[in-house]
Student: 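Quick one: the structure is below, and I'll ask about it shortly.
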Amino acid sequence: MNSITMSVDGFDFGKYMVINKLMRPSYATESQMSGETTSDGLDILYTRNTETKITIEATLLSDKENNYMSLDEINELIKSKLRSKKDRRIIFSDFPNRYWVGRIDGTDNLDYMSPKIGTLTIVFTIPKGISYAVNKKLFTAQLNADGILQMEVDNQGTEETPLSFSATINDDNGFLGAVTSNGAMEFGKISEVDGRYDPNENVYRDEMKASSAGDWQVNVGNINWKLSNSDIPNKQQGTFRWRGELVEVSDYGTPSTEKLWYGPSLSRDLQAPEFDGDRTRNWKHVFWLYHKSNGNAQKIGRQEINISGNGESVASFVIFDDRVGVNKTVFEFWIFGQKVKVINADKNLNEFYGSVEIWKEGKEIYFKIYHYESRQTLTYSFYSEAIATSKIDKVTWWVSRFLNYNVTNMSLNYADFTWVKSPKFVDMPNRYMLGNVLRYDGDSGKFYINRGDGETLIMDDIVHGSTDLMIPPGKNFVQFYYSEFSSVAPTIVGEIRERWL
C-alpha cells in the first residue's frame with residue numbers, strides 16, 4: 001500500500017515527510033433544541049455542520065531527495081508553509097480529487113528518532129467540516145419535450161452545493177429566471193417587452209367651452225388661402241365669443257373695402273409625440289362645424305381648417321358660400337397649398353352641421369365629411385410621396401367674410417387631434433442583448449454581465465425575493481425561463497462543486 005502524502009495550496013510535502021497516521025472525522029453536526037413546545041420532548045430548531053479536526057502523524061525524512069536538509073531545517077520549512085492566519089487548501093493523495101479548507105491548529109515538537117528520521121504531529125481545523133471536489137462539474141441546458149430550457153444536474157456528493165451558471169444571450173431578452181426544487185432566482189425584469197406598437201397620443205380633445213379659451217391663440221394662425229382672387233392678402237382680425245359648447249365670431253374687425261376675405265382665427269400648437277418626437281408619424285384631426293345660412297341667400301361666409309408645418313400648409317379643409325342671392329355650400333380639399341378637390345354640396349350636405357375628419361396614413365391624406373341631419377358621408381383621399389415625410393406643428397381655424405355682406409352662421413363646436421399609432425412595430429433596446437454573457441456566481445451570490453467590454457457586477461438586476469440555487473445530492477432538474485419575445489433560447493452552462501461531509 002502506497003504511503004499517503006499531502007499538498008497544501010499546491011506545495012507538495014511528499015519528499016519531506018510521509019504520513020503514518022491520518023485521522024479524518026466522518027462527520028460532525030449539532031442540533032439546536034427548543035424546550036418551549038406544547039408537545040412532548042423538544043423541537044429541533046436547526047441542525048448544522050460543525051468544525052472538525054484533521055490530525056496527521058508524519059515521519060520527516062532527511063536524505064538526498066531534499067538535498068540533505070537537516071530535520072530542523074525541514075521542520076522549519078513545514079512550519080513556514082503551514083502557519084498562517086488564512087485558510088489553506090489541503091489535498092491528500094488517497095483522495096486526490098477532493099480538498100479540505102482549513103488552517104493549522106498547532107504542531108507538536110519534533111521527535112528525533114535518528115539523525116535523519118523524526119516524527120511530527122500536525123492538526124488542522126476544518127471550519128465547515130466538509131471537503132470539496134477539486135474539479136467542477138459542467139452541465140448544459142437543453143430544450144425538453146415541453147419546450148422548456150432544462151438542465152439535469154447530477155450531484156454525487158453528500159451535501160447540497162450552490163449552482164453557478166453563465167448564459168450567452170442569443171436574442172434580445174429582458175429577464176432570466178432559474179428554478180430548482182428548493183429555490184428560484186430571477187434577474188432583470190419579467191415584464192419587460194421587446195418593443196411596442198406606436199401608441200395613440202391625444203394632443204387635445206376640446207368641447208369648446210369657455211374654460212378652454214386660454215388654450216387657443218387668436219389671429220396668429222397659419223392660413224392656407226393667403227391671397228384673395230384679387231391677389232390681395234387676406235386678413236386675420238376680429239374677436240370670438242364662447243357660448244356653451246361652441247365658439248363663434250363676435251367681431252370681424254374693421255370692414256374692408258378691398259376685395260379680400262377677413263376675420264378672426266383660432267390656432268393651437270401641436271405638441272410633438274411624447275414617445276419619439278417624430279412629427280412625420282400618422283395623425284388624425286376631427287372637428288365639428290356649423291355653417292348655415294338658414295335659407296337666406298344673401299348670406300355668405302368662409303371657414304378654413306388648416307393643418308400646417310413650419311408655417312406651410314400640409315392639409316386644409318374649406319367650406320364656403322361666396323355668391324349673394326344663391327344658397328350653396330362648397331367643400332374644398334387642399335394639399336401642400338394646392339387645391340386637389342372641389343365638391344358642390346347637394347341637398348344632403350347643404351346647410352351644413354356635422355363633423356369633418358382629416359387624417360394621414362403613410363403617403364395618403366383622407367378627408368371625411370359627415371352631415372348630422374341627413375346622416376350622409378363623403379370621403380376623399382389624396383396620395384403623394386411627400387406626404388410620408390411631411391411634418392406638422394399647428395392647427396388653425398379661420399372664419400372670414402367678404403366686403404360687408406351678411407355673414408352665414410358659422411361656429412366651431414368640437415376639436416380633437418391625435419397622433420395615430422403606426423402599423424409598424426417599434427423595437428426597443430432590451431436589458432440583455434445579443435452577445436451579452438450573464439454570469440451568476442453561486443458561491444458569492446453575485447451577478448455579472450459581460451457586454452463585450454469586460455465583465456461588470458450588476459447586483460441591482462437580482463430581483464428581490466430570489467433565493468440561492470442549492471443543488472441537493474442526487475439528480476436534479478433546473479429550469480430556465482426568459483422573455484417570451486426572445487425567439488432563440490440563451491445558451492446556458494451550469495457548474496457545481498460537489499461537497500462531502
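For the numbers below, each heavy atom of this structure counts, side chains included, while hydrogens, waters and symmetry mates do not. Residue numbers count from 1 along this sequence. Computed from a prediction, not measured in an experiment: that's the story for all the values here.
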Student: Can you name the nearest heavy-atom pair linking Ile471 to Asn155, along with the distance?
Tutor: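 Looks like O-ND2, 3.1 Å.
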Student: Taking Arg439 first and then Glu495, would you say they form a salt bridge - that is, a charged N and a carboxylate O separated by under 4.0 Å?
Tutor: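 Looking at Glu495 together with Arg439, the answer is no, because their closest N to O distance does not fall below 4.0 Å.
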Student: Minimum heavy-atom separation for Asn234 to Leu227, with atom names?
Tutor: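 For Asn234 versus Leu227, the nearest heavy atoms are ND2-C, 3.5 Å.
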Student: Apply side chain to side chain donor-acceptor pair (under 3.5 Å) to Asp172 and Ser486, showing your working.
Tutor: CA-CA 6 Å; Asp172 287 356; Ser486 187; over 6 Å; no
Student: Between Glu498 and Lys137, is there a salt bridge with N-O shorter than 4.0 Å?
Tutor: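 Between Glu498 and Lys137 there is a salt bridge, with a charged N closer than 4.0 Å to a carboxylate O.
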Student: Would you check if Leu457 and Phe447 make a side-chain contact, meaning some heavy-atom pair closer than 4.5 Å?
Tutor: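 They are not in side-chain contact.
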Student: Decide yes or no for Trp397 and Val247: does some side-chain heavy atom of the first lie under 4.5 Å from some side-chain heavy atom of the second?
Tutor: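 Heavy-atom side-chain distance check passes, below 4.5 Å.
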Student: Atom CD in Gln376, atom CG in Leu349: separation rounded to 0.5 Å?
Tutor: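 Separation between the atoms: 7.0 Å.
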Student: Answer yes or no: does atom CD of Gln338 have more than 12 heavy-atom neighbours from other residues, nucleotides or ligands under 6.0 Å?
Tutor: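 No.
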Student: Is it the case that Asn413 and Glu245 place a side-chain donor and acceptor less than 3.5 Å from each other?
Tutor: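 Their side chains do not contain a donor-acceptor pair, so the 3.5 Å distance test is not met.
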Student: Above 12 or not: heavy atoms from other molecules or residues under 6.0 Å from CG of Asp460?
Tutor: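 Counting neighbours around CG of Asp460, 12 or fewer heavy atoms of other residues, nucleotides or ligands fall under 6.0 Å, so no.
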Student: Closest approach of Tyr252 and Val407, non-hydrogen atoms and distance?
Tutor: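 Heavy atoms of Tyr252 and Val407 come nearest at OH-CG1, 3.1 Å.
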Student: Do Glu332 and Lys339 meet the salt-bridge criterion of a basic N to acidic O distance under 4.0 Å?
Tutor: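 The answer is yes: the pair qualifies as a salt bridge.
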Student: Would Tyr405 and Lys299 count as a side-chain contact (heavy atoms from CB on, under 4.5 Å) if you check the C-alpha gap in whole Å, the side-chain angles of each, and the deciding distance to 0.1 Å?
Tutor: CA-CA 7 Å; Tyr405 291 114; Lys299 291 185 176 182; over 6 Å; no
Student: Side-chain contact test, heavy atoms from C-beta onward, threshold under 4.5 Å: evaluate it for Trp398 versus Trp261 and give yes or no.
Tutor: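 The answer is yes, as the side chains (C-beta and beyond) meet within the 4.5 Å cut-off.
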Student: Does atom CG of Asn182 have more than 12 heavy-atom neighbours, drawn from other residues, nucleotides or ligands, at distances under 6.0 Å?
Tutor: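 Yes - once you tally the heavy atoms of other residues, nucleotides and ligands closer than 6.0 Å, there are more than 12.
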Student: Surrounding NZ of Lys347 (heavy atoms of other residues, nucleotides or ligands, distance under 6.0 Å), is the total greater than 12?
Tutor: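 Incorrect, the count does not exceed 12.
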Student: Search all heavy atoms of Lys363 against all heavy atoms of Ala388 and return the closest pair with its distance.
Tutor: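 Heavy atoms only, the tightest pair is CG-CB, 3.6 Å.
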Student: So does Asp251 pair up with Arg241, basic N to acidic O under 4.0 Å?
Tutor: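 Answer for the salt bridge query: no.
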Student: May I ask you to check whether Tyr440 and Phe187 place their ring centres under 6.0 Å from each other?
Tutor: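 Distance test on ring centres: under 6.0 Å, yes.
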Student: Less than 4.0 Å between a side-chain N and a carboxylate O, is that true for Arg302 and Glu304?
Tutor: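 Yes.
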Student: Using a 4.5 Å cut-off on heavy atoms from C-beta on, say whether the side chain of Phe331 contacts that of Phe352.
Tutor: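 The answer is yes, as the side chains (C-beta and beyond) meet within the 4.5 Å cut-off.
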Student: Is Asp461 salt-bridged to Arg431, going by a charged N under 4.0 Å from an acidic O?
Tutor: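 Salt bridge flag = yes for Arg431 with Asp461.
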Student: Any heavy-atom pair between the side chains of Trp242 and Trp216 that's under 4.5 Å?
Tutor: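 Touching, per the 4.5 Å side-chain cut-off.
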Student: So which heavy atom on Gln303 is nearest to which on Leu289, and how close?
Tutor: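 Shortest heavy-atom separation between Gln303 and Leu289 comes out as OE1-CD2, 3.4 Å.
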Student: Could you check whether Arg499 makes a cation-pi contact with Tyr132, meaning its NZ or CZ is under 6.0 Å from the centre of the six-membered ring and within 45° of the ring axis?
Tutor: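 Because its charged atom misses either the 6.0 Å distance or the 45° angle limit, Arg499 does not stack over Tyr132.
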Student: Charged N to carboxylate O below 4.0 Å: is that the case for Lys394 and Asp269?
Tutor: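 Looking at Lys394 and Asp269, the cut-off is met.
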Student: Using a strict cut-off of less than 4.0 Å between a Lys/Arg side-chain nitrogen and an Asp/Glu carboxylate oxygen, indicate whether Arg205 and Asp416 qualify as a salt bridge.
Tutor: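 Judged by the 4.0 Å cut-off on N to carboxylate O distance, Arg205 and Asp416 do form a salt bridge.
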Student: Phe333 versus Ile369: any side-chain heavy-atom pair under 4.5 Å?
Tutor: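 The answer is yes, as the side chains (C-beta and beyond) meet within the 4.5 Å cut-off.
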Student: Within the 4.5 Å heavy-atom criterion, are Gln142 and Thr140 side-chain neighbours or not?
Tutor: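 Yes, at least one pair of side-chain atoms sits under 4.5 Å.
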